[in-house]
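Report on the following structure.
All of these numbers come straight from a predicted model, not from anything done at the bench. Whatever order the structure lists ligands and atoms in, that order sets their numbers, starting from 1.
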Amino acid sequence: MLTLAVQKSGRLTKKTLKLLDECDINLQNGEKAKLKTRADNFDLEILFMRDDDIPEVVYDEIADIGVVGENVFLEKNRDVKIIKKLGFARCRLSIGIPKDQEYNGIQDLDGKKIATSYPEILKSELTRRNINAEIHEVSGSVEIAPGIELADAVFDIVSTGSTLRSNGLKEVETLSRSEAVLIGRKTPLGKDQKTLDELLFRINAVMKASNRKYILLNAPNESIEEICNILPGMKSPTVMPLAEKGWSSIHSVISEDDFWKNIKKLKELGAEGVLTFPIEKMIL
Ligand code: PRT
Ligand code: ZN
C-alpha cells in the first residue's frame, strides 16, 4: 500500500485533505483521524505528523511520499525528491530589518547577525550572493529577535507581511519562495509505483481544473466567430442553436483571469445569460 505523510495540524493539513477529497479519495474517519488512517476506495494509507518530520520519514521509507512546504524540504536537506509542486501554501522567505533602518541592498547584510529558523536555506542563499553574515538559529518567534537585540535582522516566512509589520520590521529582500510540494523517496516503490501514478493522474486533473470555469452563454449568430476566438475552450467551443431563431448557445472552458478580462467584450458582442460553473476535473 502507498503511504502518504501529511502534516497533522497546521497550514498544510486542510488543503492536503481537500486535495485528496477532490481526487475522490475517501479517508476513513476523514479529518477526525488522529495518527493514521486509510482510504476506503484507494490503496493509500495516511500518516499524520509534524511537517518537520516528513522528509525524514520519507527518507527512512516509513512513508513513500509526503506533503511539505518547499522550505521544509530544502531546510531538512534529506535525500528525497520533489515529485510535484502543489500550488498551495505559497509564501516567500525574506529578510526583515527594523523599519527605521536604512537599507541600500543585500550588501548591507554583510557582517550582520540574522535570526532564523531556516539556517540551511539562509546559508545557501547568502553564499550564492557572496554575503558573509552571522546566522543565529532560533526555533520560533523569530520576529522579536531585533527588538531584544538578539540580531540585526530576521530571515523568515512572509505571507501578508503583517507579522513583520506588527513587530516593527520591514521586508527588504526576498531570498527564496515556497509552496506545498509532494515529495517522495528516490529508491524504487515497487508495485506501489502504479498507485502513485494513479494518484498523480488525479492530482493533475484536479489542479488543471482548479482555476478554470465552465462558461455557458447565449449569443446572436453573427457574433459566434468572434466569441469563439475569445473562448477557445479545450478543443473548440460547443455551439448549439437556441429555439429562438438567429441565436445560439455557446459552451466552453475559460480561466478565471480570462473570464474577468473578457466579460465586457463578450457583452459588447451581444452575449446574454452568461453562466459559469466550477469544473471538478480536467483531462486534456
Ligand atoms: O506543527 P508543525 O511543525 O507541523 O507546523 P509548523 O508550525 O512548522 O508549520 P505551519 O503549519 O505554520 O506552516 C506549514 C507550512 O506552510 C510552512 O512550512 C510554509 O511552507 C507554509 N506557509 C505558508 C507558512 C505561511 N504561509 C506563513 N505565513 N508558514 C508559516 N507562516 C507564518 C510565518 O512563520 C510567520 O510567523 O506566518 C507568519 C507570517 O505571515 P504573514 O501573513 O504575517 O506575513
Ligand atoms: Zn514545523
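Under a 4.0 Å N-O distance rule, the pair Arg90/Glu179 qualifies as a salt bridge.
Pocket lining of ligand 1, defined as residues with a non-hydrogen atom under 4.0 Å away: Gln7, Gly10, Arg11, Leu12, Arg50, Asp51, Asp52, Gly69, Asn71, Val72, Ala89, Cys91, Glu143, Asp156, Ile157, Val158, Ser159, Thr160, Gly161, Ser162, Thr163, Ser178.
The local environment of CD in Glu280 is sparse, with at most 12 non-hydrogen atoms from other residues, nucleotides or ligands closer than 6.0 Å. Heavy atoms from other residues, nucleotides or ligands lying under 6.0 Å from CD of Gln107 number more than 12. The neighbour count for Phe88 CZ, taken as heavy atoms of other residues, nucleotides or ligands under 6.0 Å away, is above 12. Atom NZ of Lys113 has more than 12 neighbouring heavy atoms from other residues, nucleotides or ligands inside a 6.0 Å radius.
Glu143 contributes no side-chain N or O that, together with a main-chain N or O of Leu164, makes up a donor-acceptor pair within less than 3.5 Å.
Of all protein N/O/S atoms, those lying under 2.8 Å from the Zn ion (ligand 2) come to 2.
Between the CD atom of Glu61 and the OG1 atom of Thr187 there is a distance of 3.5 Å, given to the nearest 0.5 Å. Note that CD of Glu222 and OG of Ser248 are 9.5 Å apart. Values are rounded to the nearest 0.5 Å.
Aromatic ring orientation, Phe277 versus Tyr214: tilted (interplanar angle from 30° to 60°).
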